[in-house]
Amino acid sequence: MKPTIVKREPVVDEAMDQCEARLTEEEIEKVINEVIDKETGGRLWTYINTCIHCGLCAEACHWYLSNDRDVSFAPVTKIKDTLWVMLEKKGKVDAAFIKRCSQISHTECNACRRCGMYCPFGIDIAYMILVVRRICAKLGMVPLYLQDTVHSHAATMNQMWVKPDEWIDTLQWQEEEAQGYVPSARLPLEKEGAEIMYSVIGPEPKFLAQLLGNITVIMKVAGLDWTMPATAGWDNSNMAMYSGDFEIMARVERLHHETAQRLKVKKIVMGECGHAFRGAEYDGPTWMGWMKPPIPIVHAIAFYYDLIKSGRIKIAKKIEGPITSQYPCNVIRNAGLGSKLRYIMSAVCEDFVDLIPNDRHAFCCNAGGGTINCGPPWKKIRVQSAKLQSENFKRTGAHTIVTPCHNCHSGVEDIVDGYKLGMHVKFFSELLIEAMEIPEHLKPKEE
Amino acid sequence: MFNIESWDWESKEKMLADTAKWKDKFEDVWEPYISQDGEKIASIVKIGEGEHNIAVNEGTWEEPFEKIWYSRFSPDGRLTALITKDMEWTMAVDGKTWEQMYEYIWDTKFSADGKIIAATTKVDSVYGITINEKTLECPVQLESIASHVISPDGKISAAIAQTVPLGQADLDGFLKGSWSVVVNGKPWKNNFVDVYGLTMSNDGKNIAVEYRDSICEYGILVNEKPWNEKFACTWEPVFHPKNSDEITAPVRQWGQWFLATNGRIVWDNGFYSLLYPTYSPDGNNIAAAVAPQFAKWTIAVNGQPWSVTFGECIQKPCFSPDGRKVAAIAKDKGNWLLVVDGAVLGEAFDNIWEPVFSPNDDKVICKVEKNGKYAIAVNGKIRRNDYEALWNPVVSPDGTKVMICGVEDGKYYRKVVPLSDI
């Protein structure tokens, strides 16, 4: 194989540098062969053997397209430079190679699965990237901030080191905030037998607590019977899925789904997050041996679609001006919610301007797949490699980009900032709160 | 169930509260809780902006509070709740507050007789376990408490706690170990990467946890001492009910789950998944939820899986009092089912609560939900009226009667029914 010409500015990631200094070749060989032999099945070999190296995947990848078609960013190259070498050398590679594998798999691929959609053989390149991440994670070669996030999941069962009392206290505070809009609103904690358990991701109580207040108002206006847990198990996010620490991934998912079972709810409704849906709906349950979540899980897009379509929530006044929306890969390409997203956007926006390409063909925000969690060291290349999507946003002429996903939200904020787009970035629930009708009997009484 | 012999097993029916009136009287009425003996029902009620109280049977607490939550009856029938006064939190017991106020208080726990009330507390950003108003002294500052348990006699308290402060993104510090177990305020000597699944033996003498020693190594600690064996993953351990030196836990090896006792694998079969190992009351048998294959869930008793499997999940198994039968709640095709010894009993429900065996094992009684109403089902068939709210049935100590507590037409009833009548 010809070596790939790789031009990258050096990036200092202390955790990866320290790991490189620590790892032995014996350890690397053992872990690679263990993962390949015991954790992958026939499909890895099918994918490896089926690939004809046509490069069509490259034309599907925003990393490749945003970097002037630099072949080192092409999906096929990412596999060539990682797994192919590991297989060819039967695991006899060095620590510097493993570090490069982590850089490629953790920081330069979002596992968004767009490439697989354009592969003539449907090869799931993202799966192979996750195999590389798994090997790296077992060797401790994970970017600093991503690993720290995984440690937070492991220690606290949430993504943001939120302590048990901080969680409950925040919910009680946001219940009060919600009562400013709708005095009878309540955020019911630990209500066994409620219809819905609402779960969120760690950043909501940590940085975006107003979203918890918003959902309290929305639930009241919609007249729904709901609850939130006062225990760990409230966080539906899962960066361990993306670092490659599948044991922690499973522990987090198990607790989330068992919390719903303990509360005897009929369904889990989750806030606006894409990767969390993937972890809670697919990857977590599969590892646990569940065909699907024991308690069904509904993403916010589908939930708001049902509320608006059924008339439980009525729109009083649509938001003015052109507004567009990011299509989060994990719930659009990978769960088919694109038409529901367009429906709710059209329902609350006077002028919904769709992205081109849209729906399952839309490009990733370039924050997904754990890349944004790799933190500041890797931000520059991440934003640089979102150039294509920045141009797509710019073409819409929108004043606001809606992001029904937390990773998209942060990633699109970086795009807006990095490319000086001058657009606002909002969650759908923030638009809904502005647009929805609050029935007279629920409004605060005038003094 | 504390003092169950002295409960009123003679009164056939008591209407103890007209909860429908609460809705007329108060701005908002939260979901109710009942005392173990069924004699009291309570709901947190909103009486004005930033003003709450608790309605108990026909009365309320004397003093309202800014906020009230987590109302729970102690086993001796006292009503506890967590309340705020002037923006500070404390415990209220039958309306009287503890003297000490806290930055926060949560996770109320009781001894078996209810005499001891414990909770996790925070004062000046330092965490502790507080038992009957006294916070246990700890030689190190606890940065966080993940969970706590107390022994049935209330004499031993244990919690998983962060005993070492960590800076932002301090991976080295984390991997050196920052979590431990604190027993009666005293931390174990060693810290670990992570500690999970804290379990205490019935006699309170032994404490077992799962721990993580590095990214990929898990094990079980018993009173600080690790099993010799390490595993790719573990789930929470359980103690033998009669011999607290015997500890069993699911462990993962070679891509499969096994059952291990005191470190040694005791079931020959490996499973795709294995959860909730449960000893029979005499400790002679162990049952667990297992998936012999992906998405085929069942119960294995002493390592042998039932032949029937369920597509979605199966919950913790429950032994009959004599240990001869095993019941579990399973989900298949969106329906919850009662399964006893490998056979589905009765019909499918929207929800089923923990099953209760009659003393001679011939009846399995459950609270069930169907079409938004609750009912008592016996062997999977609905036998009593629909209720708006219902609690788990309790069998009398002599095994002849069942206490059924529920709300019908807004009225809370405590009924005692001969077992032979249901």
Side-chain angles (χ1 to χ4, degrees), chain A residues 14-15 18 31 38-39 137-140 142 144-145 147-148 150-151 154-157 161 163-166 168-169 172 176 179 183-184 186 188-194 227 230-232 245-248 250-251 254 257-258 261 264 266 285-296 375, chain B residues 27-28 30-31 46 49-50 67 69-70 103-107 120 122 127 143-147 162 166 168-172 174-175 178-179 193-194 196 212 214-216 218 232-233 235 252 254-255 271-273 275 291 293-297 311-313 315 331 334 350-351 353 369 374 389:
Chain A
E14 283 175 33
Q18 286 171 16
V31 167
K38 293 179 183 160
E39 297 192 24
K138 290 193 85 166
L139 289 166
V142 177
L144 174 69
Y145 290 95
Q147 186 62 67
D148 183 59
V150 176
H151 287 339
T156 67
M157 294 289 122
W161 298 100
K163 295 177 183 181
D165 56 303
E166 294 168 346
I168 310 166
D169 202 11
Q172 290 168 331
E176 281 180 35
Q179 287 167 353
S184 57
R186 184 185 161 212
L189 290 171
E190 291 288 310
K191 184 181 176 189
E192 187 187 281
T227 189
T231 60
D245 189 341
F246 298 152
E247 289 77 13
I248 293 298
R251 191 174 291 274
R254 180 187 164 197
H257 290 297
E258 286 185 346
Q261 290 179 63
K264 294 282 180 189
K266 303 293 190 311
T286 303
W287 201 96
M288 287 298 302
W290 294 319
M291 178 83 78
K292 52 187 178 179
I295 305 292
Chain B
E27 272 188 32
D28 195 13
W30 297 11
E31 56 284 359
K46 185 177 179 183
E49 194 180 330
K67 286 183 192 172
W69 83 289
Y70 211 73
E103 205 174 319
Y104 209 75
I105 179 168
W106 77 104
D107 201 7
T120 316
K122 181 166 82 166
Y127 293 88
E143 303 291 322
S144 184
I145 293 180
S147 59
Q162 187 186 343
L166 286 175
Q168 278 198 333
D170 180 1
L171 301 195
D172 287 342
F174 188 80
L175 289 176
S178 54
W179 291 83
V193 175
D194 289 298
Y196 305 112
R212 195 161 72 130
S214 66
I215 295 283
C216 304
Y218 292 76
C233 196
W235 295 134
R252 186 170 167 87
W254 316 299
F271 295 97
Y272 190 101
S273 208
L275 298 164
Q293 295 172 50
F294 175 70
K296 290 187 183 299
W297 286 91
E312 292 181 47
C313 71
Q315 296 185 335
K331 196 176 185 197
D350 301 336
N351 248 329
W353 274 254
E369 182 185 359
Y374 301 96

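As a basis for the values below, the full set of heavy atoms in this structure was taken, side chains included, without hydrogen atoms, waters or symmetry mates. Just so we're on the same page: letters track the sequence lines, and every chain starts at 1.
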Go through [options] and name the one with the most non-hydrogen pairs under 4.5 angstrom from chain B.
options                                : answer
A:Met288, A:Lys38, A:Gln18, A:Gln147   : A:Met288
A:Thr286, A:Thr156, A:Leu189           : A:Thr286
A:Gln179, A:Lys266, A:Lys138           : A:Lys266
A:Val150, A:Ile168, A:Leu144, A:Ile295 : A:Ile168

Is there a side-chain contact between [X] and [Y] in this structure, where contact means two heavy atoms from C-beta onward sitting under 4.5 Å apart?
X        : Y        : value
A:Asp165 : B:Glu103 : no
B:Leu171 : A:Glu14  : no
A:Gln261 : B:Cys313 : yes
A:Arg251 : B:Cys233 : yes
A:Lys292 : B:Glu312 : yes
B:Leu166 : A:His151 : no

Looking only at heavy atoms and a cut-off of under 4.5 Å, which of [options] has the most pairs with chain A?
options                                : result
B:Trp179, B:Tyr196, B:Trp106, B:Trp254 : B:Tyr196
B:Gly255, B:Ala169, B:Ala291           : B:Ala169
B:Tyr272, B:Tyr70, B:Trp353            : B:Trp353

Which portion of [X] sits near chain B, non-hydrogen atoms under 4.5 angstrom:
X        : result
A:Ala232 : neither
A:Gln172 : both
A:Asp245 : side chain
A:Thr231 : neither
A:Ala137 : backbone
A:Glu39  : neither

Taking atom types as modelled and ignoring hydrogens, do the side chains of A:Trp161 and B:Gln162 form a donor-acceptor contact shorter than 3.5 angstrom?
no
Minimum heavy-atom distance between A:Lys163 and B:Ser144, given as atom pair plus value
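Between these two residues, the closest heavy atoms are CG-OG, 3.8 Å.
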I'd like to know if A:Arg186 and B:Glu27 make a salt bridge, using a cut-off of under 4.0 Å between side-chain N and carboxylate O.
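B:Glu27 and A:Arg186: not salt-bridged.
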Pair A:Glu247 + B:Arg212: basic N to acidic O under 4.0 Å
no
Indicate yes or no for a side-chain donor-acceptor contact from B:Asn351 to the backbone of A:Lys264 under 3.5 Å, with no hydrogens or angles considered.
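Yes; judged by distance alone, with no hydrogens or angles, the pair exists.
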Between B:Lys331 (side chain) and A:Pro294 (backbone), is there a donor-acceptor pair under 3.5 Å?
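Present.
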Check whether NZ of the Lys or CZ of the Arg A:Lys191 lies under 6.0 Å from the centre of the six-membered ring of B:Trp30 and within 45 degrees of that ring's axis.
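No - A:Lys191 does not lie over the ring of B:Trp30 by the 6.0 Å and 45° rule.
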Spacing of CD belonging to A:Glu176 relative to CD belonging to B:Glu49, to within rounding of 0.5 Å
9.5 Å
For the CG atom of B:Leu275 and the CD atom of A:Glu258, what is their distance to the nearest 0.5 Å?
6.0 Å
Could you walk me through whether B:Trp235 and A:Arg254 pass the side chain to side chain contact (heavy atoms under 4.5 Å, CB included) test, one step at a time?
CA-CA 11 Å; B:Trp235 295 134; A:Arg254 180 187 164 197; 3.1 Å; yes
With a 4.5 angstrom heavy-atom cut-off, which part of B:Gln293 approaches chain A: side chain, backbone, both or neither?
neither
Name the region of B:Leu175, side chain, backbone, both or neither, that has any atom closer than 4.5 Å to a heavy atom of chain A.
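The side chain, not the backbone.
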Under 30°, 30 to 60°, or over 60°: which ring-plane class applies to B:Trp297 and A:Trp290, parallel, tilted or perpendicular?
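Plane angle between 30° and 60°, so tilted.
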